[in-house]
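Quick notes on the structure that follows.
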Amino acid sequence: EEENIKKVRAMLLRNGKIAVIESKRSGAYMLPGGKVEGKENDETTLTREISEELGIDIKEEDIEGPFLTRKTSCKTRDEEGNEKEKNVITNFYIASTEQDINFSKMNLTPREKARGSMPYWINPSRLEYFLNKQIETFENGYAKKYASEYLSVYKKFREVQKSKKRKELEK
């Protein structure tokens with residue numbers, strides 16, 4: 001039986017920079033966000049995850065989108081050790097903040113701590129450069145997979161931003 005896992009991620013912007021979380025263990029860059037829990041909607045999940053991962057409080061009304069939905073699949077094991085196929089559906093949103101990362105308010109999960117998750121703001125062109133570099137040079141499949149996925153997400157984000165600017169200029 002197929003099972004769906006719903007996730008959300010955000011292109012969180014501040015002063016022209018994008019929030020990323022680098023896994024010190026694998027070198028992968030990730031966007032803030034995570035798994036939708038219980039009866040949460042996407043926006044509630046994003047506000048919770050951004051608070052936990054970055055120590056930043058945003059409002060649901062500050063979240064736009066989704067601008068992209070991706071469906072991937074992964075193999076996991078159930079309680080008996082049998083392999084299961086799961087669909088992972090990820091919605092990507094855009095949000096802005098004036099707040100900086102607040103390390104004292106962050107509440108990382110044990111898994112995030114074990115990965116050495118470190119959030120910071122990055123210039124979009126540097127993000128694109130680092131993601132391309134990871135795709136070219138990393139042998140770690142996990143980091144390559146995330147770099148490839150987030151590079152395509154970033155490119156779609158840029159298209160959306162350009163389209164918004166064109167519409168604003170036409171007004």
Side-chain angles (χ1 to χ4, degrees), residues 2-14 16-37 42 45-46 48-56 63-78 81-97 101 103 106-163:
E2 265 188 14
E3 186 179 323
N4 288 332
I5 298 171
K6 193 166 182 206
K7 292 186 173 186
V8 292
R9 299 265 177 214
M11 294 295 273
L12 183 63
L13 308 171
R14 178 178 180 258
K17 294 188 177 183
I18 299 170
V20 293
I21 300 165
E22 182 181 10
S23 168
K24 295 295 183 186
R25 187 171 71 192
S26 69
Y29 290 95
M30 293 170 265
L31 298 172
K35 188 175 175 182
V36 176
E37 295 178 1
D42 287 6
T45 301
L46 274 177
R48 176 180 52 77
E49 289 286 348
I50 289 170
S51 177
E52 290 172 358
E53 294 175 349
L54 305 171
I56 295 173
I63 300 170
E64 300 174 39
F67 70 91
L68 180 66
T69 299
R70 297 199 86 144
K71 182 179 174 186
T72 56
S73 62
C74 65
K75 294 188 186 312
T76 61
R77 297 201 179 273
D78 62 19
N82 302 313
E83 200 170 81
K84 287 175 66 175
E85 186 81 16
K86 290 188 178 183
N87 292 314
V88 180
I89 300 163
T90 307
N91 287 325
F92 293 88
Y93 291 82
I94 300 170
S96 295
T97 186
I101 295 165
F103 292 94
M106 288 171 38
N107 185 19
L108 299 176
T109 65
R111 185 176 181 188
E112 290 165 336
K113 288 177 185 174
R115 275 194 221 135
S117 294
M118 181 56 63
Y120 59 93
W121 300 103
I122 190 167
N123 181 301
S125 61
R126 287 194 63 184
L127 175 61
E128 189 170 9
Y129 170 79
F130 284 130
L131 292 173
N132 276 313
K133 205 76 168 142
Q134 285 181 345
I135 293 166
E136 293 170 16
T137 61
F138 273 39
E139 292 180 21
N140 179 326
Y142 174 82
K144 268 189 177 217
K145 174 186 160 236
Y146 272 100
S148 187
E149 177 179 320
Y150 289 133
L151 184 60
S152 64
V153 169
Y154 173 71
K155 287 178 178 177
K156 179 65 177 172
F157 163 76
R158 272 198 350 225
E159 287 174 25
V160 169
Q161 294 295 84
K162 284 179 185 175
S163 176

Discussion item. Checking the side chain of E53 only, and the main-chain atoms of P119 only, is there a donor and an acceptor separated by less than 3.5 Å?
Written reply: no

Would a 4.5 Å heavy-atom cut-off, applied to side chains only, mark F67 and V153 as touching?
yes

Quiz item: Is a donor on one side and an acceptor on the other found under 3.5 Å between the side chain of S117 and the backbone of E112?
Solution: yes

Practice task
Would you mind reporting whether R115 and L108 have side-chain heavy atoms less than 4.5 Å apart?
Solution key: no

Using modelled atom types only, decide if a donor and an acceptor are shared between the side chain of K144 and the backbone of I135 within a distance under 3.5 Å.
yes

Interatomic distance, CG@L12 vs CD1@I94, rounded to 0.5 Å, equals 11.0 Å

For I18 and M11, the nearest pair of non-hydrogen atoms, with its separation, is CD1-CE, 3.6 Å

Of all heavy-atom pairs linking P32 and I21, the shortest is CA-CD1, 3.9 Å

Compare all side-chain heavy atoms of E128 with those of K155 and state whether any distance is below 4.5 angstrom. yes

For K6 and D42, the nearest pair of non-hydrogen atoms, with its separation, is NZ-OD1, 3.0 Å

Verify side-chain contact (heavy atoms from CB on, under 4.5 Å) between E37 and R48, making sure each step is shown before the conclusion. CA-CA 10 Å; E37 295 178 1; R48 176 180 52 77; 3.6 Å; yes

Heavy-atom nearest pair, Y150 first then M30, reads CE1-CA, 3.6 Å

Item to complete: Would you check if Q134 and L151 make a side-chain contact, meaning some heavy-atom pair closer than 4.5 Å?
Response: no

OG of S51 to CG of L46, rounded to nearest 0.5 Å, is 12.0 Å

Could you go step by step and tell me if L31 and Y146 meet the side-chain contact (heavy atoms from CB on, under 4.5 Å) rule?
CA-CA 10 Å; L31 298 172; Y146 272 100; over 6 Å; no

| said: Determine whether K156 and E159 satisfy the following criterion, side-chain contact (heavy atoms from CB on, under 4.5 Å), listing intermediate values before the conclusion. | reply: CA-CA 5 Å; K156 179 65 177 172; E159 287 174 25; 3.9 Å; yes

In this structure, are over 12 heavy atoms from other groups packed under 6.0 Å from R126 atom CZ? no

Minimal heavy-atom distance between G16 and P124, with the atoms involved, is O-CD, 3.2 Å

Output for pair (T45 OG1, N91 CG), nearest 0.5 Å, gives 10.5 Å

The salt bridge (charged side-chain N to carboxylate O under 4.0 Å, His left out) partners of E22 (sequence neighbours excluded) come to K24

To the nearest 0.5 Å, atom CD of E49 lies from atom CD1 of I56 at 13.5 Å

(Q) Measuring only between side-chain heavy atoms, which start at C-beta, is Y120 closer than 4.5 Å to V20? (A) yes

Side-chain touch L13/F157, heavy atoms, less than 4.5 angstrom: yes

To the nearest 0.5 Å, atom NZ of K35 lies from atom NZ of K7 at 8.0 Å

Checking the side chain of S148 only, and the main-chain atoms of K145 only, is there a donor and an acceptor separated by less than 3.5 Å? no

Looking only at heavy atoms, the pair that brings R70 and E149 closest together is NH1-O, 3.4 Å

Taken to the nearest 0.5 Å, the spacing of M106 CE from L54 CG works out to 7.0 Å

